[in-house]
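Presented below is the structure to which this report refers.
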Number of protein chains: 2
Amino acid sequence: MTNRKRAPYHHGNLRKALLAAALKVLDKAGPDAITIREVARLAGVSHAAPVNHFKDRTALLTAVATQLFQELDAVIEKQTEKTQGKPVEKVSSFINALIAYGLEHPNRYRLLWRRDLVNNQDEALQQAMDTIYDKLVATLERSTRKKRYDKHTSAVALWSLAHGYVSMRLDGNFVPMADTITKQPREQAIVEAVLAALNI
Amino acid sequence: MTNRKRAPYHHGNLRKALLAAALKVLDKAGPDAITIREVARLAGVSHAAPVNHFKDRTALLTAVATQLFQELDAVIEKQTEKTQGKPVEKVSSFINALIAYGLEHPNRYRLLWRRDLVNNQDEALQQAMDTIYDKLVATLERSTRKKRYDKHTSAVALWSLAHGYVSMRLDGNFVPMADTITKQPREQAIVEAVLAALNI
DNA sequence: TCCTATATATTGACGCTGTCTATATATAGG
DNA sequence: CCTATATATAGACAGCGTCAATATATAGGA
């Protein structure tokens, strides 16, 4: 009857230390730079110590990604909560928070979508992702205006737009510029356009 | 005065063979599976032979990516050429061709946007990418309807939407389904919605 | 308090990788 | 024919993930 949550034996809390080290490496050098041996070094343990907490590299990255999805959820929650007004304002806040998170934390955002690096069957990971998507759909449902498309089409459109935009920005494919007609920041213009098209 | 284009000495045309092998590995196992040693094995040469044609792994992947961008350009060109009608039809064809390519060639599409694996300063690569984007902007310019947003905002919106949608689909985040209101395939609905919002 | 089962950590090994150096060989062009 | 050059090989090195064997610290029952 050992309790996983209690401080462990030798290191103190190696699991937490490894996650912290992985996050540090991630922010500095990107997803591929997270190696078992490097995080072990940063935590001050041998290269084989992490296996007691993460069975392989994929498990470590899955845990990091799960944590980041929860962080993203919290950030979005905070932004949408303080937004007053019509449902469209809530949805707008949601999408803008998603975009802002990606631009502020490039490598964290990159890991979120490197599905080849994580265990996609992991329940905690799936739940963390689903939570966010479900909240978007729920927010869309608050809008009572007559829609041309169903709620999932709207969610997919907004999510795709935001994800595509952030991805391209992080890849350096387009620079942040204002629209020459509306004078808005480009990302604001495209989100607004899609919200209007969907009649949110 | 040697001519790079002529058949080389020992292998015949190792450069071409390496690129073909890399493409084969890519389709089967994804970008990360392309290793110098594996493509050398497939080409029947020693592990150090490729260095004469690609100075390192990044150079090899850059060449593959450049080739794929050219392939994508050709596919889009073919689709838009045979599309008759209003400018909006041309733009629609362009975006649909982009989406179709991604869904048909998942690993090729993935490599295109793995900027960490290629040399982003490579001129041929940049040119191949720019060619495609420039064609989208040029196609948008054919439309004479009064726009709410400038051509780059429109291009960014459409490109982001398509890229985000394909990325999420390839990650298995949403399944292909019809919109329950319009009965259209989801990707058709979202592209149509954005085209309408942009007044193309 | 001691004893033992278990959780945790270390050491060393294996095969894989990219890349470098030294060496070998085939071809081109004078 | 001869030499410079392009191309290919063989071997080495460090870093990686992972596994097996071993060591050690802790928990909980006797």
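These values consider heavy atoms only, across backbone and side chains, with no hydrogens, waters or symmetry-generated copies. In the text below, chain A, chain B and the rest are named by the order of the sequence lines, each starting its count at 1.
Distance A/F54 CZ to C/dT8 C1': 14 Å, rounded to the nearest Å. Atom NE2 of B/H53 and atom C1' of D/dA6 are 9 Å apart (whole Å). If you measure from atom CG of A/L117 to atom P of D/dG17, you get 12 Å, rounded to the nearest angstrom. Rounded to an integer number of Å, the gap from A/N52 CG to D/dA25 P is 15 Å. Residue B/L18 contributes atom CG, which lies 12 Å from atom C1' of D/dA8 at whole-angstrom precision.
A salt bridge links A/D150 with B/R186; the closest basic N to acidic carboxylate O contact falls under 4.0 Å. Under a 4.0 Å N-O distance rule, the pair B/D171/A/R114 does not qualify as a salt bridge. Salt bridge status for B/E38 with B/R41: present, with a side-chain N to carboxylate O gap under 4.0 Å.
Side-chain proximity of A/S46 to the nucleotides C/dT8, C/dT11, D/dT9 is greatest for C/dT11.
Under the salt bridge (charged side-chain N to carboxylate O under 4.0 Å, His left out) criterion, A/R148 pairs with no residue, sequence neighbours left out.
Annotation for B/Q127: atom CD does not count as buried by contact number, only 12 or fewer foreign heavy atoms lying within 6.0 Å.
Ring pair A/Y133/B/F174 is tilted by interplanar angle, where 30° to 60° counts as tilted.
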Inset, instruction - Quick one: the dot-bracket string of DNA chain C, using Watson-Crick and G-U wobble pairs with both distances under 3.5 Å, [ ] for crossing pairs and | for bases paired to another strand. - result: ||||||||||||||||||||||||||||||
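Of the inter-residue distances, the one linking B/L125 atom CG with B/T62 atom OG1 reads 6.0 Å to the nearest 0.5 angstrom.
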Legend entry - Reading 5' to 3' through nucleotides 13-21 of chain C, protein heavy-atom contacts under 4.0 Å coded B for base, S for sugar-phosphate only, - for none: B---BBBB-
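Side-chain rings of A/Y165 and A/W159 stay apart, their centers remaining 6.0 Å or farther from each other.
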